[in-house]
Amino acid sequence: MEVRRSARRRRTVSAYREDGRTVVLLPARMSEAEERRWVGLMLEKLARQEKRRRPTDEVLAERAGRLSAQFLGGRARPDSVRWVTNQNARWGSCTPAEGSIRLSHRLQGMPEYVVDYVLLHELAHLLVPGHGARFWELLEAYPRTERARGYLEGVAATARLPHAVDDEQDDGARAGEEGAAPANDLA
């Protein structure tokens, strides 16, 4: 943890996570006792915020069920939906043969409509492999598809991550073609 004092800061105290550590910003004139009290309060506040941002796998599975019912007529029924920490170049992936969906932990804390889009994208892969016309027709029902895709492209560009356009990247397989890839990923 790092405490940074600022002569320009008069009354406000703030805290954030940076590269795996906590940074607390305080006014320079604050006493050590006040610093200890505020550091404790800010650590508690960060913990509460992070807990709200990190839904469990069970909550994610319930969310998938609601999205499938609302936008896909309940036809997409995954056997497992979970957060994973080993997807650093993809937002999500789906293995239709296993009925499994995995979302990158990097989505945690992003706006709900973005997480919903990625989850719905992977649910659609349970119904249609690849990123062909039939696939995108399914996603047309979700009103924030373009907005969510734009958000993810912005995050990827800022972090210098790969962000291929989904309908151009599909391991060479298109919906309805022979040899469609066994797993479908959202890069």
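Keep in mind the model is a prediction, meaning the values are calculated, not measured. In what follows, residues are counted from 1 in the order of the sequence shown.
A heavy-atom distance below 4.5 Å is not found between the side chains of Arg144 and Tyr117. When side chains are defined from C-beta on, Leu120 does not count as touching Leu138, because their heavy atoms never get closer than 4.5 Å. Taking the side chain as every heavy atom from C-beta outward, Val155 and Val114 never approach each other to under 4.5 Å.
The aromatic rings of Phe135 and His125 lie parallel to each other, their planes meeting at an angle below 30°, with 60° marking the opposite boundary.
With His105 as reference, Thr85 is the one residue of Thr85, Asn86, Val84 to meet the side chain to side chain contact (heavy atoms under 4.5 Å, CB included) rule. Exactly one of Leu119, Leu123, Leu60, Thr95 qualifies for a side chain to side chain contact (heavy atoms under 4.5 Å, CB included) with Pro78. That residue is Leu123.
Within the structure, every pair that satisfies the salt bridge (Lys or Arg N to Asp or Glu O under 4.0 Å) test and touches residues 59-78, not counting sequence neighbours, is listed here: Arg63-Asp116.
Remark: Glu112 CD is loosely packed, at most 12 non-hydrogen atoms of other residues, nucleotides or ligands lying under 6.0 Å away. The number of heavy atoms from other shown groups lying within 6.0 Å of CD (Glu32) does not exceed 12. Heavy atoms from other residues, nucleotides or ligands lying under 6.0 Å from CZ of Arg4 number more than 12.
In the hydrophobic clustering, where aliphatic and aromatic side chains (Ile, Leu, Val, Met, Phe, Trp, Tyr) are joined below 4.5 Å either directly or transitively, Tyr16 groups with Val23, Leu25. Taking Ile, Leu, Val, Met, Phe, Trp and Tyr as hydrophobic and joining them when side-chain heavy atoms fall under 4.5 Å apart, one finds Val13 in a cluster with Met1, Val3, Val24, Leu26, Met30, Trp38, Val39, Leu41, Met42, Leu43.
With hydrogens and angles disregarded, no donor-acceptor distance shorter than 3.5 Å links the side chain of Arg134 to the backbone of His131.
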